[in-house]
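Notes follow the structure.
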Amino acid sequence: MEDSMQSSVKKMSSYDRYPKTRIDFEGEAAWKGYGRIGEILRDRSRSLLETRERVVAAIDCYPGMNYGELEQELIKRLDPSLSIFTDEEIFLSKEAVTSRVIGRLTDDRVFGQMCLETYGDLVDEEKLKSAARLVSSAKGLVIVYGAAANLIVKPDIHIYADLARWEIQGRLRRNETGSWKSSVSFDDILQRYKWGYFFEWRVADRHKRRHFSDFDFVLDTNRKGSPVMITGDAFRYSLSHLSKRPFRLVPFFDPGVWGGQWMKKVLGLDEGEPNYAWCFDCVPEENSMLLDLGGTVIELPAMDLVLYEPIKLLGERVAARFGHEFPIRFDFLDTMDGQNLSLQVHPTVEYIQDKFGMHYTQEESYYILDAYEDRDPLVYLGVKTGTDKDEFFSELEKAQAGGHDFMADKYANTIRVKKHDHLLIPPGTVHCSGRDTMVLEISSTPFIFTFKLWDWGRLGTDGKPRPINIGHGREVVKMERDTEWVERNLVNRVTSLHEEEGWRSERTGLHELQFIETVRDWFSKPVRHDTEGSVNVLNLVEGEEAIVESPDGSFEPLVVHYAETFVIPESAGKYVIRPYGASEGREIATIKARVRL
């Protein structure tokens, strides 16, 4: 493996795994550690108690919270006269909540339907009244903590305890947290994730979005024993600041059964891991943000920005179409010295609406960031001309039943690929990235909706068979996406947009059936861009370094390195990218995605 990695096109990048955004906010606004945070909250409560007999502090918690730590390290320090845990004392029972939502979550290991509940829908009114009476009769400091802790009474101090989705997933895998209000004990991590994705995270995000303006403090609880707290004013100022300037999210890396070695070597990841399959580098539902306030760094879910400033971030027309959803996703799929992905297909818009309650689907493409070209790397794309649908799915079912392996090469087109190829994958198209490719996947966001048709007979990293979705696949596969159609419509559809000395710009996709447009720029001099009504997401696909600058100085410059994804909010408007540092005077390239309006 070591020799093969040395033959890779790229050497190690200066890729920043923990990108921070500096926030200039006047005054002390951030504190670290339970001791210091406890002092700040005690001082605030004592000050208020000078003029009233009771102060209510609500610690409003996102699902996945480590309540044992919160109780021992913070609530105990504050020494309240009364504490109420909302998860147990104001909501319906686990059995009642599960009964209400389980039908829409279905028996499938992966897929369900989006739940529309709010916390208010799940409250037991008698319990709520009883808790309110307890609070009204208490004196001194009262702490209400848990989900929707502000529902009992309007708090005097409202603290929001936040948590990034990547950390919640880790806690679910490590059995450090359970599924909120589920009476079913899920042994399967996929079902735990499904409960969160379709139900509890949706409910929590609706609640959070409605109360951003109420938060007096926001608490980062991602790191065990190492909380960070900022004021609500600093929190809202930071989100507003980010919505007007270029920024990066904190990438999230994960191993997989088919994972490769490229990211370990080029991006400098942990050599002790067997592989890395995925990197989510711009998936706000998964990624977090690091904000540096006067040297104190707080980590917050990137979804906070989408929920708080959707119009400034996305653009008015994009927000009108997608609401509080970020529609563009950049991630990596690494099979270099790894294995093929599963043969798969994504649902059409009609199917995802009818079956799962989603209003848009996964429209994607594979940009080949790197490849071992001497090994004839390939991508499976579309079906071969003349393929019979019944035979295709009959063979898939026989293979899944264990009769024999599925002969993917017989039914699916195999496209030989090289660095900088771009392959487009509209919904309904059979596809699979083969081994020895490093893919920058550019797609829309609802990534959970992948129908696996064949997985080469493998088990997942958990030792269980990976879910196969042949039934769903049969309903959405477009058999007319045959050899000729694929070659004509989906492989390297490059159109020149502009060319001059030191700069050429070309459209590389996506297909007319897809709402994302991608543009690749090759340049050795400063190039002007405009967001043109949509959030722009870019990746430096060639070259060591570039710098993103404002023509009028309205935002601070952002330095980016090879393979880094960065976001330009729509409200930033005009921006300039030029080669920087080790790349000055050399030709480099970015690929840019925006919503086609």
Side-chain angles (χ1 to χ4, degrees), residues 108-111 257-258 333 335 339-356 361-366 376-417 421-435 437 439 441 443 448-459 465-493 509-514:
D108 190 280
R109 285 181 71 195
V110 177
F111 304 121
V257 66
W258 43 262
L333 308 173
T335 68
Q339 303 175 25
N340 295 342
L341 273 66
S342 61
L343 191 70
Q344 58 191 244
V345 65
H346 298 300
T348 59
V349 173
E350 298 87 350
Y351 196 81
I352 204 170
Q353 287 176 339
D354 290 345
K355 295 293 183 181
F356 308 116
T361 189
Q362 183 153 328
E363 305 180 351
E364 71 181 29
S365 68
Y366 287 165
D376 294 326
L378 57 82
V379 166
Y380 295 88
L381 191 61
V383 295
K384 288 188 174 179
T385 299
T387 298
D388 179 79
K389 182 175 181 178
D390 289 337
E391 178 186 341
F392 178 64
F393 280 96
S394 174
E395 289 300 304
L396 283 168
E397 288 166 353
K398 289 177 184 176
Q400 185 58 23
H404 55 74
D405 284 346
F406 179 71
M407 298 174 63
D409 291 13
K410 178 179 177 181
Y411 298 100
N413 298 307
T414 54
I415 311 296
R416 301 295 174 184
V417 294
D421 281 349
H422 199 176
L423 293 86
L424 315 180
I425 311 170
T429 307
V430 172
H431 62 282
C432 167
S433 178
R435 61 171 297 150
T437 59
V439 170
E441 186 179 60
S443 69
I448 195 172
F449 296 100
T450 295
F451 300 152
K452 296 184 181 70
L453 304 176
W454 173 240
D455 197 40
W456 319 98
R458 296 178 297 210
L459 298 178
R466 302 178 78 208
I468 301 297
N469 319 110
I470 296 173
H472 285 303
R474 179 187 286 272
E475 296 297 319
V476 302
V477 163
K478 301 286 188 181
M479 299 301 292
E480 63 270 28
R481 307 266 172 85
D482 60 11
T483 306
E484 292 76 22
W485 194 92
V486 165
E487 291 176 349
R488 186 171 61 250
N489 289 277
L490 303 185
V491 180
N492 287 327
R493 290 192 62 194
L510 276 49
H511 189 265
E512 287 83 353
L513 297 176
Q514 301 173 272

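- Looking at Arg416, its side chain does come within 3.5 Å of a backbone N or O of Asp376 through a donor-acceptor pair.
- In this structure the side chain of Phe393 reaches within 4.5 angstrom of the side chain of Leu453, judged on heavy atoms.
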Leu423/Ile415 under side-chain contact (heavy atoms from CB on, under 4.5 Å): CA gap, chis, key distance, verdict: CA-CA 9 Å; Leu423 293 86; Ile415 311 296; 3.9 Å; yes
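- Remark: the backbone N or O of Trp485 is paired with a side-chain donor or acceptor of Asn489 at under 3.5 angstrom.
- When Phe392, Tyr380, Trp456 are each tested for a ring pair (Phe, Tyr, Trp, His ring centres under 6.0 Å) with Phe406, only one passes: Phe392.
- The structure places CG of Leu396 at 7.0 Å from CG of Leu343, a figure rounded to the nearest 0.5 Å.
- With rounding to the nearest 0.5 Å, the separation of CD in Glu475 from CG in Asn469 is 12.5 Å.
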From CA spacing to verdict: side-chain contact (heavy atoms from CB on, under 4.5 Å), Val257, Leu459: CA-CA 8 Å; Val257 66; Leu459 298 178; over 6 Å; no
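- Looking only at side-chain heavy atoms (C-beta outward), Ile470 and Trp454 stay at 4.5 Å or farther from each other.
- Closest heavy-atom contact between Ile468 and Lys452: CG2-O, 3.4 Å.
- Here the side chains of Thr429 and Lys478 are not in contact, with every heavy-atom distance at 4.5 Å or above.
- For Ser365 against Leu510, the heavy-atom pair with the smallest separation is OG-CD1, 3.9 Å.
- Neither side chain, Arg435 nor Thr335, offers a donor N or O lying under 3.5 Å from an acceptor on the other.
- Between Arg458 and Asp455 there is a salt bridge, since a side-chain N of the basic residue sits under 4.0 Å from a carboxylate O of the acidic one.
- The shortest side-chain heavy-atom distance between Glu363 and His511 does not fall under the 4.5 Å cut-off.
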Check the pair Thr437 / Val417 against side-chain contact (heavy atoms from CB on, under 4.5 Å), numbers first and verdict last. CA-CA 8 Å; Thr437 59; Val417 294; 3.8 Å; yes
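- Met479 CE: more than 12 foreign heavy atoms inside a 6.0 Å radius.
- Atoms CD and CG, from Glu487 and Asp482 in turn, are 9.5 Å apart once rounded to the nearest 0.5 Å.
- The existence of a salt bridge linking Glu397 and Arg474 is confirmed by a sub-4.0 Å separation between a basic side-chain nitrogen and an acidic carboxylate oxygen.
- In this structure, the side chains of His404 and Glu395 come closer than 4.5 Å at one or more pairs of heavy atoms.
- Between the CG atom in Leu381 and the OG1 atom in Thr414 there is a gap of 10.5 Å [rounded to 0.5 Å].
- Not less than 6.0 angstrom separates the ring centroid of Phe449 from the ring centroid of His472.
- With contacts defined as side-chain heavy-atom distances shorter than 4.5 Å, the pair His422/Arg493 does not qualify.
- Residues Asn413 and Val383 form no side-chain contact, since every pair of their non-hydrogen atoms from C-beta on lies 4.5 Å or further apart.
- Taking the six-membered ring for Trp and thresholds of 30 and 60 degrees, Phe356 and Tyr351 have ring planes more than 60 degrees apart, a perpendicular arrangement.
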Let's go through Tyr366 and Glu441 carefully: what are the C-alpha distance in whole Å and the side-chain angles of both, what is the deciding distance for side-chain contact (heavy atoms from CB on, under 4.5 Å) to 0.1 Å, and is it a yes or a no? CA-CA 5 Å; Tyr366 287 165; Glu441 186 179 60; 3.7 Å; yes
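- Taking both residues in full, the closest heavy atoms of Arg481 and Val486 are given as O-CG2, 3.8 Å, listed atom of the first, atom of the second, then distance.
- Side-chain atoms of Gln362 do not come within 3.5 Å of backbone N or O of Pro347 as any donor-acceptor pair.
- How far OG1 of Thr450 is from CD of Gln344: 5.0 Å, rounded to the nearest 0.5 Å.
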May I have the step-by-step check of salt bridge (Lys or Arg N to Asp or Glu O under 4.0 Å) for Lys410 and Glu391, ending in yes or no? CA-CA 11 Å; Lys410 178 179 177 181; Glu391 178 186 341; 3.7 Å; yes
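- In this structure, the side chains of Leu341 and Leu333 come closer than 4.5 Å at one or more pairs of heavy atoms.
- Atom CH2 in Trp258 sits 8.5 Å away from atom OG in Ser342 (nearest 0.5 Å).
- Thr361 pairs in a side-chain contact (heavy atoms from CB on, under 4.5 Å) with only one of the listed residues (Ser443, Pro426, Pro427), which is Pro427.
- Remark: Glu484 does not engage Lys384 in a salt bridge, criterion side-chain N to carboxylate O under 4.0 Å.
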